[in-house]
Amino acid sequence: MNNREIAEIFHSIADILEIKAENPFRIRAYRKAAQVIEDLSQPIKDIHTNGKLPNIPGIGEGIAGKISELIQTGKLKEYETIRKSVPSGLLEMLNISSVGPKTVALIYKELGITSVKELEKAAKDHKLAKFPGMGEKKEENIIRGIKILRETKERIPIYEAELIAKNIISLLKKVPAVDKISIAGSLRRRRETIGDIDILVASDKPAEVMDSFTTLPQVNQILAKGSTRSSVRIEGGRQVDIRVVQTDSFGAALHYFTGSKTHNIRIRELGIKKGLKINEYGVFKRSKLAEEDKKIAGREEIDVFKSIGMPYICPEIREDRGEIEAGLSGTLPKLIEIADLRGDLHIHSNWSDGTNSIEEMAEASIERGYQYIAICDHSKSLRVAGGLDEGQLIERQKKIDKLNNKYKNFQILSGIELEIHINGKLDFSDDILETLDVVIGAIHTGFSQDENVNTARIIKAMENRNVDIIAHPTGRLLGKREGYKIDIPAILKAAGDTGTALEINAFPERLDLADIYLQEAKEKGAKFAINTDAHSISQLDFTKFGIGVARRGWLEKQDVINCLNIDELQKSLEKARERSTHHYPPGQKKTDLI
Ligand code: DGT
Ligand code: CA
Ligand code: CA
């Protein structure tokens, strides 16, 4: 268990105690412990191993014992018990963005509400406003929070969908009746969330495939079972659809079931104009007598496109957002690929809130074939994430220099994920920033500011010549939080004007900047950086989700700065820094709004 997981459990215990209106001192002890653990710059596991838990200020003997239990067993008995002592609906309510334990306690006590659904009704019926600290605004926030919570509950994050699909496919591949198998639907198109998971199989023994599919160990409920199509619910409630077709229809079916529906309709219309019938079974030449339609293609997906005079269109852009026109006029983009990435420009180490050392992150990146990485630990004011101060930066630089002497064809860039304060001021002075290779400006506090405050705040940071990239530009957390209130077109434009790259943060719950903004940003002259924001080695593999977003946004490798090799990257960063100063010389700031 890492520091954050343990801190979350203590926060959760404090929440439950607060709902139950227990002793405030006890509540405070848990909260304090959670805070202290979040602030630690070292893995608590190591501190525990060294027997130094009792030395941490703010952690008493009792809490230290619970930390040991968590580290040793991965569980905490007290937590398991206390969780059962309140209706589970109350804990679910805590996931609503504007609802804390005090609100839950109040509505439970005063109105006997124990579920999210009841809470939504009460808010809509204005039954909450009369209580102290509530009001109409709060009711609105609750209703909106519940909507967001629901949307993500209904749709599956791509990260989870991919795990489910991979598991099922690896099991079905072992079934002899399965000839070919592929992911289809929105998961193949790499949407950020997935309604249901679609799998396509080619087989001449569909009944055997369906039997195998519906008796997989993870299947909880069979929603439908037929010879060409079945649907199940797996553990956790997620829906998986499967279709089985003949091998000589597999390509046509793959195209059809990959969608999107609007893309399919356009393709079918183009077929009709050419006297073709295109469906999930193949491409057919129409004759006057329907039964004489002659099948001319179906085995390979690309033949569907060829039949209407088009090159292959990658699944990620099959959304009827111009790909049909581009295909017809020969102007399809050459979409970026994972192999184009030369490095990762946003990686955390255990100098701030990462789990692994700089050296471990570097070696894992070398293994992945990178030429460089930028270690971008948090900056000083983000205490909860172990932000570094000026002194620690100097110490870290020594470590990085030493490692760089060791590596031959690999370079560790020294970077920072720099807090942008509410007034647009930066966490470090320009003198300090000058010494860093990569500066990523970021917002982690004060989300609730007005739109113009947040917009000016970010643009002001972009205008600083030393800020190279803006981290997760809209701040949304899929299913948890809408982005900050910002004027997105203005931010995209400022990125183009100042040469500050926009991050496509590949962390599965961020995927920020989202695909829908990328074309607009590109038109305004912006460049991008596809970064994982990895806090541990395994998270370095999040790149594939960032690449999915970039491809859906039609990006090519020349749009993305971390596709440059190290020399080109350094030149490009330098050029962008010059551009910021050129655009906004001192005393002529375009946005001195604050
Ligand atoms: P989702 O599941 O909501 O994330 O989105 P999809 O795109 O996976 O949609 P789904 O699962 O309903 O259907 C899978 C694909 O099957 C869809 O992308 C296109 C194709 N499809 C489904 N229904 C129709 C239809 O009525 N007409 C056409 N042309 N294609 C369809
Ligand atoms: Ca689907
Ligand atoms: Ca489906």
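Ligands are counted one by one from 1 in listed order, and the atoms in each one are counted from 1 as well.
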### Query
Which residue owns the protein heavy atom closest to atom 3 (O) of ligand 1, what's the atom, and how far is it?
R155 NH1, 3.2 Å

### Summary
With heavy atoms and a 4.0 Å threshold, my read on which part of D198 contacts ligand 1 is side chain

### Message
Would D241 count as being in polar contact with ligand 1, using the rule that some N or O on each side must be under 3.5 angstrom apart?
### Response
no

### Query
Does atom 8 (O) of ligand 1 have a protein heavy-atom neighbour under 4.0 Å away?
yes

### Query
Quick one: nearest non-hydrogen protein atom to atom 21 (N) of ligand 1, plus distance?
Y256 CE2, 4.1 Å

### Task
For atom 17 (C) of ligand 1, grab the closest protein heavy atom and report residue, atom and distance to one decimal in Å.
G259 CA, 3.9 Å

### Query
Would you say G195 and ligand 1 have an N/O pair spaced under 3.5 Å apart?
yes

### Message
Can you report which non-hydrogen protein atom sits closest to atom 26 (O) of ligand 1, along with the distance?
### Response
K261 CE, 3.4 Å

### Query
Looking only at heavy atoms, is any part of R191 under 4.0 Å from ligand 1, and if so is it the side chain, the backbone, or both, or is it neither?
neither

### Message
Taking 4.0 Å as the limit for heavy-atom contacts, which would you say applies to T258 with ligand 1: side chain only, backbone only, both, or neither?
### Response
backbone

#### Entry: Polar contact flag, side-chain donor to acceptor under 3.5 angstrom, H472-E417
yes

### Query
What residue and atom, counting heavy atoms only, is the protein's closest point to atom 29 (N) of ligand 1, and at what distance?
N264 CB, 3.5 Å

### Message
Need the ligand 1 atom indices (1-based, order shown) with element for anything under 4.0 Å from a heavy-atom of R189.
### Response
7 (O), 18 (O)

### Message
Looking at Y281, I want to see if its OH is surrounded by more than 12 non-hydrogen atoms of other residues, nucleotides or ligands under 6.0 Å.
### Response
no

### Message
Would you compute the distance between atom NZ of K334 and atom CG of L555 and round it to the nearest 0.5 angstrom?
### Response
13.5 Å

### Query
Among E319, R189, E323, R321, whose side chain to side chain donor-acceptor pair (under 3.5 Å) with H263 holds?
E323

### Query
When you measure from atom 15 (C) of ligand 1 to every protein heavy atom, which one gives the shortest distance, and what is it?
F257 O, 3.3 Å

### Task
Check each of E509, E192, E482 against R476 using the salt bridge (charged side-chain N to carboxylate O under 4.0 Å, His left out) test, and report the only one that passes.
E192

### Message
Can you count the protein N/O/S atoms lying under 3.0 Å from the Ca ion (ligand 3), leaving waters out?
### Response
4

### Task
Select the closest option to atom 4 (O) of ligand 1 among A253, A161, S186, judged by heavy-atom distance.
S186

### Query
By number and element, which atoms of ligand 1 are closer than 4.0 Å to a non-hydrogen atom of I194?
4 (O)

### Spacing of NZ belonging to K277 relative to CD1 belonging to I272, to within rounding of 0.5 Å
10.5 Å

### Query
Within 4.0 Å of atom 12 (O) of ligand 1 (strictly less), any protein heavy atom?
no

